[in-house]
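Just so you know, these numbers come straight off a predicted model, no measurement behind them.
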Amino acid sequence: MRNSLCIGIIDIGSNSIRLVVYNRSENGAFQIIDESKYAARLSQLVDSENVIDLDQLGPLIERLNHFKRICEIHQADTIRVAATAAIRNAVNRDALISYLQQHTGLTIEVISGEQEAYYGFISMANTMDVHDGFLIDIGGGSTEITLFRDRKIVKSVSFPFGCVNTAKTFGQSDPLSDSDLMRIQAMIQEAIVREPWLTNAPGLPMICLGGAARTIAKMEQMRTKYSLQRIHQYQMESAQVSDMLDRLRELPFAQRASVPGLSKDRVDIIIPGIIILQTMFQHCSCTHYLMSGSGIRDGLFYETIMPKAPIVPDVLEHSLNNLMALRLSAIPRDHVDQVNRLGNQLFQSLQENKPFKLTTQDGLYLHISSLLYRIGTMIDYYGYSQHTFYLIMNARLYGLTHREQILCAMIASYTTKGRARRAVAEYKDILDESDYPRICKLGSLLQLAIALDKSETQSIQSLDILIRKNKLRIQALRHHGIAFEQMEVQGVAKEFKKSWELTPILTSEIEPLAST
C-alpha cells in the first residue's frame, strides 16, 4: 500500500502554464518529483472587449490534458488547478471555465487578485527568512504587491497590468521608443498613486516573484559570470536593474534574442516587466531586490498540506528537517544528533574565549553542517565529503543567503585547509577573504565533534572542556568507554591545531559507566 501523498499543482497564468508535482512521504518530507511549463500567452488572446474566444483554447486544452496525464502517471491524490488574471478578468470568464472543465475533467479555481497575492506571500514566507518588506509578483496579466511586517501581510493590491498585456498595449515599437517607455511608466504611476500605503514604508527590500524576476536575475548572473547557478535569494541593486533596462532598450527584438539568460518566449515582454519592477521599486523607496524562485503554485501546495497553518514558524529549521527526512537512509540520525550536541558544546567553550571571536551566526553554520555532513553517503561512502558539498549546494535549504549556503557546504565537507582554499577561490565573487579562516575553524571543529562519536554508539554522554595554553582538554565525564574515540581525536588533532593553535586531547579520569 502506498503511504505517500502525491499532489499536482497547475498554475494557468497569463503568460505561462506551469505544472509542479510534489510527493509527500509518510514521515511528512516532501519534494518536487516533476515539473513542466508551456508558454500559453493567454493575455494576447484577449480582444478589445476583454473576451477570450473559446475557439482559441485548443492548445491550452491540449496542454492541460497533457499535464493531467502526467499527474495520473504519478498517481496524484489531488490535482489543484488555479487560473489567474487573463481568465479572471475576462468578460466571459464563466463560459471559459465551463468549457475548460468540460474538455479536461479538471476542477479549475479562479484565483482573485487578493488570493494570488496571498499564495505568493505563503510561498515567499516559507522559503525566505525575511521579516519585513514588499513582495511583488509580476505576471503576464497582473501585478500583485504586498507589504508585510513580521512575516504577516499588512496590505496587498492587485493591478491589472503585467508583462504580456502591457507589451501588447504599449510596447510595440522595436526597439522600445522613449514615448512608449513614458506611456508605460505613466500607466503604472496612475494606478499606484491610488494606493497611498505604498509610500508609507520606505527602506525595505523588494522581494520579487514570477518569471520576469527570474529572467532578470538569470540575465544578470550570466552577464557577471556569477559563480553560483541559483536564482532564489539572489540580490540585485537598483543600479543593476536600471542598467539592464538601458542595455536592452537599445536592442531590437532580433538582437535581444541572443542575450544570455533571456529565453525566446520573453524577448518581447521582458522590457515591460523591468519597467513595472523598476517603477514600483522607486515608488516604494526600497533598498534592494531579492529574487525568489518560488511562486503561487508553492503557496497552493503549502495550503493543501497545511490548511490550518500554511506558514511555517522557522524557515531554516523546517527546510533542514525536511531535507534530513528525505535523506534518512544516508543520515544516521542518532549519530548526527550526537555530533551536533558535542559540536555545540565545543563551540560554546571556544566562544567564551574572546581571542577566537566566534559569533552566534558561526554557531548556526556549525549546527547546520553537523546535521548534514553525512548526506553525501547516499551517493557513495568513498569520498562522501565531495558529494556532501554538491548536495548541500543544490539542496532546497531555505532561510540562507547564497554566501551562507556555500559556507555550510564547505564546513560540512571540510577535510583540509588546502582543499578549503581552492573551494573559496572558486566562489571569490560571493565569499570574502575572512570566510577562509572561518571555514577552516568550523570545519576542523566539526571534524573533532565527529571524532568524538566515530564509533556511532553515542558512548560519551557528558564533557568537561578546558583550554589551557596550547591544549584543548576534553574530559569525558560520563561514557561507556572512549578508546576508539581517543584514537580518532588523535587523527584529527593535527588539522585542528592548524586553525585553532590548540591540540585537542580526549581524556577520562573516572571509570567508564557500566554498559546497559
Side-chain angles (χ1 to χ4, degrees), residues 316-317 320 332-374 385 404 407-417 420 434-513:
L316 177 57
E317 285 299 319
L320 180 58
R333 190 60 194 255
D334 289 343
H335 167 63
V336 296
D337 282 345
Q338 173 80 341
V339 171
N340 179 267
R341 184 177 68 83
L342 297 179
N344 182 60
Q345 191 171 349
L346 288 166
F347 178 86
Q348 289 179 344
S349 297
L350 291 164
Q351 188 179 30
E352 292 170 2
N353 285 261
K354 293 182 180 179
F356 296 127
K357 298 179 181 179
L358 296 173
T359 67
T360 301
Q361 203 66 13
D362 290 328
L364 177 64
Y365 304 151
L366 181 66
H367 166 67
I368 297 167
S369 303
S370 63
L371 292 174
L372 297 180
Y373 93 91
R374 279 284 292 270
S385 63
E404 290 173 331
L407 286 176
C408 290
M410 289 185 174
I411 294 164
S413 62
Y414 182 84
T415 52
T416 65
K417 293 186 74 173
S434 66
D435 286 324
Y436 172 64
R438 173 179 287 106
I439 292 166
C440 295
K441 272 188 165 61
L442 296 177
S444 58
L445 180 58
L446 174 57
Q447 291 300 308
L448 178 58
I450 294 167
L452 291 173
D453 193 47
K454 189 65 176 180
S455 63
E456 301 191 16
T457 61
Q458 297 77 62
S459 173
I460 298 174
Q461 299 181 24
S462 181
L463 295 176
D464 181 63
I465 301 167
L466 178 65
I467 301 172
R468 184 165 293 170
K469 294 185 178 180
N470 62 346
K471 289 187 172 52
L472 177 67
R473 192 203 68 171
I474 306 167
Q475 182 179 339
L477 300 181
R478 303 181 69 229
H479 62 88
H480 297 293
I482 61 170
F484 192 78
E485 278 70 25
Q486 283 178 314
M487 292 183 64
E488 292 298 321
V489 169
Q490 290 175 18
V492 302
K494 183 178 179 181
E495 191 66 34
F496 185 87
K497 186 177 181 179
K498 289 178 183 179
S499 296
W500 294 93
E501 297 183 355
L502 294 171
T503 300
I505 300 171
L506 178 60
T507 67
S508 176
E509 296 182 4
I510 59 176
E511 292 298 318
L513 295 173

Is it true that a side-chain atom of [X] and a backbone atom of [Y] form a donor plus acceptor pair closer than 3.5 Å?
X      : Y      : result
Glu404 : Tyr365 : no
Asp337 : Asp334 : no
Ser499 : Phe496 : no
Ser459 : His479 : no
Glu495 : Thr416 : no

(message) Return the CD1 to CD distance between Ile450 and Gln338, rounded to the nearest 0.5 Å.
(response)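 Those atoms lie 12.5 Å apart.
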(message) Once rounded to the nearest 0.5 Å, what's the spacing between atom CD1 of Ile439 and atom SG of Cys408?
(response)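 Ile439 CD1 to Cys408 SG: 10.0 Å, rounded to 0.5 Å.
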(message) Which residue is it: Thr503, Asp464, Thr507? I am looking for the one with a side-chain hydrogen bond (donor to acceptor under 3.5 Å, both in side chains) to Arg473.
(response)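 Result: among Thr503, Asp464, Thr507, Asp464 is the only option passing the side-chain hydrogen bond (donor to acceptor under 3.5 Å, both in side chains) with Arg473.
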(request) Over all heavy atoms of both residues, which pair between Leu442 and Leu366 is shortest? Give the atoms and the distance, please. (result)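 What the structure gives for the nearest pair is O-CD1, 3.8 Å.
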(message) On a heavy-atom basis, which atom in Ser413 and which in Ala409 lie closest, and how many Å separate them?
(response)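 It is OG-O, 2.7 Å.
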(request) State whether a side-chain donor-acceptor pair under 3.5 Å links Thr457 with His480. (result)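 No, no side-chain donor-acceptor contact under 3.5 Å.
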(message) Can a side-chain donor-acceptor contact be found between Gln458 and Asp453 if the only test is distance below 3.5 angstrom?
(response)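 Yes, a side-chain donor-acceptor pair sits under 3.5 Å.
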(request) Check whether more than 12 heavy atoms from other residues, nucleotides or ligands sit under 6.0 Å from atom NZ of Lys417, and answer yes or no. (result)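 For Lys417, atom NZ is crowded (more than 12 foreign heavy atoms under 6.0 Å).
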